[in-house]
Amino acid sequence: MDSETSIRIEETVLDILKTCNLEEVSEQKIRRMASEKLGLDLSEPTRKKFVRQVVEKFLAEEQAKREANAADEVKEEEEEDEEAEEDGKVKSSGDKEYDDEGDLIVCRLSHKRRVTVTDFRGKTLVSIREYYSKEGKELPTSKGISLTAEQWATFKKNIPGVEQAIKKLESKS
């Protein structure tokens with residue numbers, strides 16, 4: 001395959017990859033779409049292999065970008081958490097941490113998400129929820145879930161099953 005053809009194929013495949021939903025498209029479909037655009041038979045073994053290489057390189061670069069973005073987000077969240085602690089937005093009592101509403105913060109899942117234990121209308125609730133800042137206060141959003149003690153016990157009892165399902169899904173990747 002000459003270099004001009006290789007360049008045309010690569011550019012066409014990359015254009016398709018940039019505009020399609022990568023969760024729903026297969027390499028074969030990308031190859032067919034590129035074949036139609038170029039008017040070339042891309043099912044021939046050397047061209048098929050070349051398209052596969054272009055797709056794999058693109059996917060690897062996208063994965064690297066996602067990982068870099070995720071690392072940047074984690075770093076930003078850690079910096080924001082440090083700033084919040086320095087600003088005294090989080091009230092502490094010994095090793096325990098409380099939010100602006102006086103609810104116990106069990107753990108912070110990220111800058112915006114946390115697990116709290118609170119008393120609501122006489123019931124103890126475990127909440128996993130997103131928070132937002134307003135006028136210097138951290139307030140809960142409707143995005144999340146609150147579990148009663150009974151629901152929490154059921155959830156906790158089933159955590160090994162959740163972990164097993166996660167491992168099974170991760171092993172497929």
Side-chain angles (χ1 to χ4, degrees), residues 1-85 105-116 125-134 138-147 151-173:
M1 177 168 40
D2 63 83
S3 63
E4 186 179 314
T5 303
S6 296
I7 292 169
R8 285 182 48 221
I9 293 171
E10 183 174 8
E11 288 174 349
T12 303
V13 169
L14 289 174
D15 285 343
I16 293 168
L17 287 167
K18 290 174 185 173
T19 59
C20 69
N21 181 347
L22 298 176
E23 299 292 324
E24 297 177 1
V25 71
S26 66
E27 178 188 325
Q28 181 182 18
K29 188 171 183 178
I30 291 168
R31 195 173 54 250
R32 267 193 259 128
M33 292 167 67
S35 184
E36 288 173 14
K37 278 188 174 185
L38 294 166
L40 294 171
D41 179 13
L42 298 180
S43 64
E44 186 266 316
T46 56
R47 290 179 177 171
K48 186 175 182 177
K49 183 178 178 183
F50 180 72
V51 170
R52 176 172 290 132
Q53 290 170 343
V54 172
V55 170
E56 287 175 352
K57 181 181 175 190
F58 177 84
L59 293 175
E61 289 171 356
E62 289 298 304
Q63 179 67 25
K65 286 178 193 176
R66 280 194 297 277
E67 289 172 0
N69 287 341
D72 289 345
E73 286 177 14
V74 167
K75 186 176 178 182
E76 284 177 19
E77 289 176 359
E78 288 172 353
E79 289 171 357
E80 289 173 1
D81 287 345
E82 288 173 12
E83 288 174 15
E85 287 175 15
I105 299 172
V106 177
C107 73
R108 292 175 179 272
L109 302 173
S110 70
H111 172 66
K112 292 183 177 183
R113 290 187 183 138
R114 62 179 81 149
V115 179
T116 61
L125 299 176
V126 176
S127 295
I128 303 170
R129 190 158 303 282
E130 282 191 11
Y131 284 72
Y132 70 100
S133 295
K134 183 178 180 181
E138 296 291 316
L139 301 171
T141 68
S142 61
K143 293 180 183 177
I145 187 168
S146 294
L147 304 171
Q151 291 168 329
W152 174 254
T154 301
F155 178 77
K156 191 170 78 171
K157 184 175 79 175
N158 288 285
I159 285 178
V162 172
E163 289 175 336
Q164 187 177 13
I166 291 169
K167 285 179 185 173
K168 185 176 181 181
L169 288 172
E170 287 177 343
S171 69
K172 289 181 181 178
S173 300

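Along the sequence shown, residues carry numbers from 1. Computed from heavy atoms alone, side chains included, the values below leave out hydrogens, waters and symmetry copies. This is a predicted model, so every value here is computed, not measured.
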Interatomic spacing from [atom1] in [X] to [atom2] in [Y] - rounded to 0.5 Å:
X: Ser3; Y: Arg8; atom1: OG; atom2: CZ; value: 12.0 Å
X: Ser146; Y: Trp152; atom1: OG; atom2: CH2; value: 12.0 Å
X: Ile9; Y: Ser35; atom1: CD1; atom2: OG; value: 9.0 Å
X: Ile16; Y: Glu36; atom1: CD1; atom2: CD; value: 9.0 Å
X: Glu163; Y: Lys168; atom1: CD; atom2: NZ; value: 16.0 Å
X: Asp41; Y: Lys48; atom1: CG; atom2: NZ; value: 10.5 Å

Stepwise side chain to side chain donor-acceptor pair (under 3.5 Å) check, Thr12 with Asp15: CA-CA 5 Å; Thr12 303; Asp15 285 343; 5.6 Å; no
Stacked cation flag Arg114 on Tyr131, 6.0 angstrom / 45 deg: yes
Check against side chain to side chain contact (heavy atoms under 4.5 Å, CB included), Leu17 and Val55: CA-CA 8 Å; Leu17 287 167; Val55 170; 4.2 Å; yes
Check whether any side-chain heavy atom of [X] sits under 4.5 Å from a side-chain heavy atom of [Y], and report yes or no.
X: Arg31; Y: Gln28; value: yes
X: Phe50; Y: Leu42; value: no
X: Ile128; Y: Leu109; value: yes
X: Glu61; Y: Leu59; value: no
X: Val54; Y: Leu14; value: yes
X: Met33; Y: Lys37; value: no
X: Arg113; Y: Arg108; value: no

Ionic contact status for Glu170 with Lys167, cut-off 4.0 Å: no
Salt bridge present between Glu130 and Lys112 (N-O < 4.0 angstrom): no
Arg129 side chain to Thr141 backbone, donor-acceptor under 3.5 Å: yes
Flag, side chain of Asp2 to backbone of Thr5, donor-acceptor distance under 3.5 Å: yes
Residues, nucleotides or ligands: over 12 heavy atoms within 6.0 Å of Gln63 CD: yes
Residue pair Ala34 / Val13: nearest heavy atoms and the distance that separates them: CB-CG2, 3.9 Å
Intermediate values then yes/no, side chain to side chain donor-acceptor pair (under 3.5 Å), Glu44 and Thr46: CA-CA 6 Å; Glu44 186 266 316; Thr46 56; 2.7 Å; yes
